Amino acid sequence: MEVRSGSPLLQTKGLTKYFKTSRGMLHAVDHVDLQIQAQKTLGVVGESGCGKSTLGRTILRLIQPTDGSILYRGEDIVHYSTARMREMRRKMQIIFQDPYASLDPRKTVKDLIADPLKVYKTPKSRRDELVGQMMETVGLAERFAQTYPHELDGGRRQRIGIARALVLHPEFIVCDEPVSALDVSIQAQILNLLMDLQESHGLTYLFITHDLSVVRHISDEIMVMYLGVVVERAPSKELFSSPLHPYTKELIRAIPMPDLDPAHRLVNSLRGEVSDPIEPSASCRFAPRCNYCTAVCHSSQPTLKDMGNGHFVACALCGA
């Protein structure tokens, strides 16, 4: 399968994931449409519990979707058999948030990176060669090959996770908050590594984070989620220069700035907490926390509107 010129590598249509609970259906991901062009990065941002990670895992079919389509190179993979998805795993990988929790503490660095190769029955002589190449690619010195995860710092552990995701030479990678557990200086190193790898290996990223300052650095386009739905989507520069949704504006306003003037201290005007995601009402899900909502916001849930320049927003007050 080849991507036709202008066609996205990955696209979802009405992608939905609900979880059954004792109180009703939890709407984790609710009819999400997205598309990512080959060798580009779509950043997904939002508060904890908004459905970002569930979206990434559902796209990879680590979680079975409730409804909707997942088109990879134009083919819907939602109903792929286990055998067909096994082959797709070569092309679609994930980098987890906590590198230590995602690594088997009983295995050495060399064995951890080789795990995917063993699954696909790569000959041992070839495995050793590929592992050595991948360690060099992600900046892990050869002397760490026989060490264990607990003997390394967070940055090196995350490099193991990146090497393990790349060793099968995938095309698409879900980066699930891959730098949130790292120190700021190490975050910059890992972000730069991911961007270098994208250029050298032709990778496409879905980059999940709660930190807009991080997503701004790496993303071509940004999608803002709130309580399972997409409230705004735009090219990165456009989103930061002209945010439209009240929630997006508050997220940008909350980015820490190096300013010690007491008069400029961060003021968060978001009121209350995220609403209950179980059986949400058919109104704007952000309305209970919005300082600008009107009666119309409580009457129906807004859908994404095209505001031009690739900028979409789901807000009854925008463009009215």
Side-chain angles (χ1 to χ4, degrees), residues 1 9-10 36 38-41 56-57 59-62 72-73 77 80 82-179 181-182 186 189-208 218:
M1 294 182 291
L9 176 72
L10 183 132
I36 314 175
Q39 300 181 38
K40 299 294 184 180
T41 299
R57 285 165 168 75
I59 287 174
L60 294 178
R61 288 275 314 274
L62 298 176
Y72 191 88
R73 292 184 174 270
I77 67 171
Y80 270 19
T82 301
R84 292 193 73 181
M85 275 311 301
R86 180 185 175 88
E87 288 306 308
M88 283 298 298
R89 303 267 180 242
R90 291 180 178 269
K91 302 175 182 178
M92 307 169 72
Q93 290 290 312
I94 185 169
I95 299 170
F96 294 100
Q97 175 180 359
D98 185 348
Y100 192 59
S102 64
L103 301 175
D104 188 337
R106 300 166 297 179
K107 293 185 177 182
T108 64
V109 170
K110 179 180 177 180
D111 289 336
L112 287 166
I113 298 173
D115 271 345
L117 298 172
K118 293 177 183 177
V119 170
Y120 287 93
K121 303 187 186 309
T122 305
K124 187 177 186 307
S125 58
R126 180 63 174 152
R127 288 203 305 262
D128 292 343
E129 178 185 353
L130 290 172
V131 169
Q133 291 174 357
M134 199 50 61
M135 287 184 65
E136 182 178 357
T137 297
V138 302
L140 278 171
E142 187 180 353
R143 69 179 185 275
F144 296 123
Q146 298 301 325
T147 58
Y148 292 87
H150 73 272
E151 299 176 298
L152 301 174
D153 59 55
R156 290 193 177 97
R157 289 174 191 162
Q158 194 56 286
R159 289 174 192 268
I160 299 171
I162 294 171
R164 190 169 60 172
L166 282 178
V167 75
L168 292 175
H169 299 291
E171 300 173 313
F172 173 71
I173 297 180
V174 172
C175 304
D176 189 5
E177 304 218 34
V179 298
L182 306 176
I186 305 300
Q189 293 177 19
I190 298 299
L191 287 174
N192 288 330
L193 172 63
L194 289 171
M195 289 189 290
D196 289 344
L197 291 170
Q198 181 173 44
E199 183 176 352
S200 62
H201 288 66
L203 299 171
T204 304
Y205 292 146
L206 179 74
F207 193 94
I208 296 167
I218 195 171

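What you are looking at is a predicted structure, and each value in this text was computed from that prediction instead of being measured.
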Using side-chain contact (heavy atoms from CB on, under 4.5 Å) as the criterion, list what pairs up with [X], not counting sequence neighbours.
X: Thr137; answer: Met134, Leu197, His201
X: Ala141; answer: Arg143, Phe144
X: Gln133; answer: Glu129, Leu130
X: Met85; answer: Arg61, Ile77, Tyr80, Met88, Arg89

Donor-acceptor pairs under 3.5 angstrom involving side-chain atoms of residues 99-116: please list them, not counting sequence neighbours.
unit_1 : atom_1 : unit_2 : atom_2 : d
Ser102 : OG     : Asp98  : O      : 3.3
Ser102 : OG     : Pro99  : O      : 3.0
Asp104 : OD1    : Arg106 : N      : 2.9
Asp104 : OD1    : Arg106 : NE     : 3.1
Asp104 : OD2    : Arg106 : NH2    : 3.2
Lys107 : NZ     : Asp115 : OD1    : 2.9
Lys107 : NZ     : Asp115 : OD2    : 3.1
Thr108 : OG1    : Asp111 : N      : 3.3
Thr108 : OG1    : Asp111 : OD2    : 3.4

Gap between atom [atom2] of [Y] and atom [atom1] of [X] - 0.5 Å precision:
X: Leu9; Y: Met92; atom1: CG; atom2: CE; answer: 8.5 Å
X: Leu168; Y: Lys91; atom1: CG; atom2: NZ; answer: 12.5 Å
X: Ile95; Y: Tyr205; atom1: CD1; atom2: OH; answer: 6.0 Å
X: Leu203; Y: His169; atom1: CG; atom2: NE2; answer: 10.5 Å

Residues in side chain to side chain donor-acceptor pair (under 3.5 Å) contact with Lys124, at least two apart in sequence or another chain
Asp128
Results of salt bridge (Lys or Arg N to Asp or Glu O under 4.0 Å) for Arg86 - residues two or more places apart only
none
Go through the structure and list residues passing salt bridge (Lys or Arg N to Asp or Glu O under 4.0 Å) with Glu87, not counting sequence neighbours.
Arg90
Write out all pairs satisfying side chain to side chain donor-acceptor pair (under 3.5 Å) with one or both partners inside residues 147-158, taking only residues at least two apart or from two chains.
Asp153-Arg156
Apply side chain to side chain contact (heavy atoms under 4.5 Å, CB included) to the pair Asp176 and Ile208, showing each step before the final yes or no.
CA-CA 5 Å; Asp176 189 5; Ile208 296 167; 3.7 Å; yes
So Leu166 and Ile173, side chain to side chain contact (heavy atoms under 4.5 Å, CB included) or not? Walk me through it.
CA-CA 9 Å; Leu166 282 178; Ile173 297 180; 3.7 Å; yes
Determine whether Leu152 and Ile160 satisfy the following criterion, side chain to side chain contact (heavy atoms under 4.5 Å, CB included), listing intermediate values before the conclusion.
CA-CA 10 Å; Leu152 301 174; Ile160 299 171; 3.7 Å; yes
Got a sec, which pairs hit salt bridge (charged side-chain N to carboxylate O under 4.0 Å, His left out) with one end in residues 195-204, sequence neighbours left out?
none
